Amino acid sequence: MTLVKKPDGRPAASWGLSARGIPWEYAPAPESTDHIQIRPQYGLFIDNDFAPSRPRATFEVINPATEEPLAQVARASKADVNRAVTAARRAYDTVWSRLPGSERAKYLYRIARIIQERSREFAVVETMNSGKPIKESRDVDVPLAAAHFFYYAGWADKLDYAFPGRRPRALGVVAQVIPWNFPLLMLAWKIAPALAAGNTVVLKPASTTPLTAYLFAEVVRQADLPPGVVNIITGPGEIGMELVRHPDINKIAFTGSTVVGKMIARAVAGSRKKLTLELGGKAANIVFDDAPLDQAIEGIINGIYFNQGEVCCAGSRLFVQESVYEPLLDKLKARLSTLRVGDPLDKNTDVGAINSAGQLAKVAELVQSGIDEGAEIFQPDCVLPDRGFFFRPTLFTGVSQSHRIAQEEIFGPVLSVLTFRTPEEAVEKANNTPYGLSAGVWTEKGSRIFKMVAAMKAGVVWANTFNRFDPTSPFGGYKESGYGREGGIHGLGAYLDLSADGTTGR
Ligand code: NDP
């Protein structure tokens, strides 16, 4: 495939190739926003009511693709944290812990169905607030969020059979702090198993992306969930820490940066609070010379440019077997040049906006470090929108293991390409990272897949695919990527006391 250049110098990224290789341009295909209603102000969601924070304070939430304001959101105080935890405790003691699992399941099924019914609304709000392409929020985030509620609804009345020899008990009140890269999906990963296990929750979304959490709060009311079972509070990181430190919390689930994860681990050390941490990653995606290259190219692209690379398990380090390095790189550059970067609400967009000005600055700084340290940069010749936090999909060659771009989590659309000769060398290089969240292997040989999977220090290893998620499958890491699992029966166990004496988390 040859690189398509437009005669007038306009973005190649808005072009595609027809089946016969003839270039053609995509017409704009904007998703309508007429059907959604973003309120000018959102209060904290406590006891099924939206109420202002005390004292009254707000902060602004913007659309990262336009930099336009979307809403004012309540900024919780320490007293508000206490109110939310008190509401969750009351709901746990008086209602939720007394309901049979089959009744809890009904609420979860109802929530799942309402998310499906309101999926268009969720997808558009998610895209406007996070910057991710509408085709991703529509086809990945929202359906998977509903699927998590369906899946854990199925477990709610089967806890006694799920863990043979144990007597599972709910933990109590759970504090959940989530990031901005998959706002609704992370909410679902956290809330669905917590409720199925019989806990009540206080959730703090990221400050840049609270809007689908507040839309979810409307779903909670629509589903008639008893007041206090789900509480949502917004505010800066320090409010997350107040929540984590609150003495009446039994379990904490955190997804975010390794730095904050370590702070939380220190804050709860010595307490009986149960903790799961899902932190950063620097995944290796390894392509052997017998891999189907065109299929691998799609996996590499999906691995690092999906969600602008703002994915903890992104395949940000590509290891290519030397004998196929050149053909693979040619194909990769050609494919990169067909990615359409721009308006996240356009259904043809592949790469949307970075979530915040701060994150964009971090990505730009790390890319500059790659150039300064001597790696060779390739970026497609696309024109970025005038406003908004956009960054060109980028790849680096000539990367050495010691470069910052090969070591640090960039959390942006930036790929480092490295090479290897033998499987042993691939394993050694892939494991040369403080992280251990995910990895990918591309090869025709099943035996090699099993050998690589066993040798790779990563919580999740994909073979001949990448970034596949399913509610039935556990997800999580080790080393600096955290501990504990979300998803599947492992994710359910994380919200239960499975000890013999019933004292975990209390
Ligand atoms: P953070 O870890 O700071 O944010 C994640 C969540 O934690 C947010 O809700 C945040 O609130 C909250 N938080 C922040 N500080 C504290 C604290 N001291 N105590 C309790 N909660 C806190 O991630 P950033 O948004 O700063 O992103 C920085 C880097 O982290 C990214 O570049 C990326 O490398 C990594 N990251 C990894 C993620 C993953 O999925 N593993 C997700 C997001 C980021 P608030 O938004 O109000 O600050």
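When a ligand or atom number is given, it counts from 1 through the structure's own listing order. All values reported here derive from a predicted model rather than from experimental measurement.
Only the backbone of I178 comes within contact range of ligand 1, with a heavy atom under 4.0 Å; no side-chain atom does. Contacts with ligand 1 closer than 4.0 Å are made by side-chain heavy atoms of Q359 only, the backbone lying farther away. Counting heavy atoms under 4.0 Å from ligand 1, residue K362 touches it through the side chain alone. Contacts of P236 with ligand 1, taken as heavy-atom pairs under 4.0 Å, involve the backbone alone. When heavy-atom distances to ligand 1 are checked against a 4.0 Å cut-off, L279 comes that close only through its backbone atoms N, CA, C and O.
Ring orientation note: the planes of Y107 and W96 are tilted relative to one another, at an angle of 30° to 60°. Ring planes of W180 and F411: perpendicular class, angle over 60° (limits at 30 and 60°). Using a 30° and 60° split on the angle between ring planes, Y151 and W155 fall in the perpendicular class, above 60°.
Closest to atom 12 (C) of ligand 1, if we only count protein heavy atoms, is V177 CG1, 3.7 Å. Closest to atom 10 (C) of ligand 1 among all protein heavy atoms lies K204 NZ, 4.1 Å. When only non-hydrogen protein atoms are considered, atom 24 (P) of ligand 1 lies nearest to W180 NE1, 3.7 Å. The protein heavy-atom contact nearest to atom 34 (O) of ligand 1 is E409 OE1, 2.7 Å. Of the protein's heavy atoms, G237 O, 3.4 Å lies nearest to atom 19 (N) of ligand 1. The protein heavy atom nearest to atom 46 (O) of ligand 1 is S207 N, 2.9 Å. Scanning the protein for heavy atoms near atom 42 (C) of ligand 1, the closest one is P179 CB, 3.3 Å.
Less than 4.0 angstrom separates some heavy atom of T255 from each of these atoms of ligand 1: 5 (C), 40 (O). Listed by number with element, the atoms of ligand 1 under 4.0 angstrom from any heavy atom of M241 are 19 (N), 20 (C). Within ligand 1, counting atoms from 1 as listed, the ones closer than 4.0 Å to a heavy atom of G240 are 20 (C), 21 (N). Interface atoms of ligand 1 facing C312, defined by a heavy-atom separation under 4.0 Å, are 39 (C), 40 (O), 41 (N). Counting atoms of ligand 1 from 1 in the listed order, those under 4.0 Å from a heavy atom of P205 are 9 (O).
With 3.5 Å as the limit, one finds a donor-acceptor pair spanning the side chains of K190 and T255. The closest side-chain donor-acceptor pair between Y214 and T234 falls under 3.5 angstrom. Checking N355 against T208 by side-chain atom types alone, a donor-acceptor pair falls below 3.5 Å. Remark: the E298 side chain and the N302 side chain contain no N/O donor-acceptor pair separated by less than 3.5 Å. Checking T394 against Q379 by side-chain atom types alone, a donor-acceptor pair falls below 3.5 Å. Between the side chains of Q72 and T58, at least one donor N or O lies within less than 3.5 Å of an accepting N or O.
Side-chain contact check for F122 versus L184: some heavy-atom pair is nearer than 4.5 Å.
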### Task
Could you please spell out the steps behind the side-chain hydrogen bond (donor to acceptor under 3.5 Å, both in side chains) verdict for N285 and W462?
CA-CA 9 Å; N285 204 358; W462 286 289; over 6 Å; no
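Atom CD of E136 and atom CG of D350 lie 8.0 Å apart (nearest 0.5 Å). Atom NZ of residue K274 and atom CD1 of residue I252 lie 12.5 Å apart, to the nearest 0.5 angstrom. Distance NZ/K132 to OG/S137: 7.0 Å, rounded to 0.5 Å.
Aromatic pair F319/F420: centroids not less than 6.0 angstrom apart.
Of the options L277, N181, V311, the smallest heavy-atom separation from atom 40 (O) of ligand 1 is shown by N181. Between atom 44 (C) of ligand 1 and the options F254, F411, Y435, the minimum heavy-atom separation is to F411. Between the choices A314, S257, C313, the shortest heavy-atom distance to atom 28 (C) of ligand 1 belongs to S257. For atom 18 (N) of ligand 1, the nearest non-hydrogen atom from the set M263, Q176, E278 belongs to M263.
Of the protein's heavy atoms, none falls inside 4.0 Å of atom 26 (O) of ligand 1. Atom 4 (O) of ligand 1 is not flagged as protein-proximal [any protein heavy atom, distance under 4.0 Å].
For a threshold of 3.5 Å applied to N or O pairs, the pair formed by T208 and ligand 1 contains no separation below that value. In terms of polar-atom proximity, G235 is counted as a contact of ligand 1, with an N or O under 3.5 Å from an N or O of the ligand.
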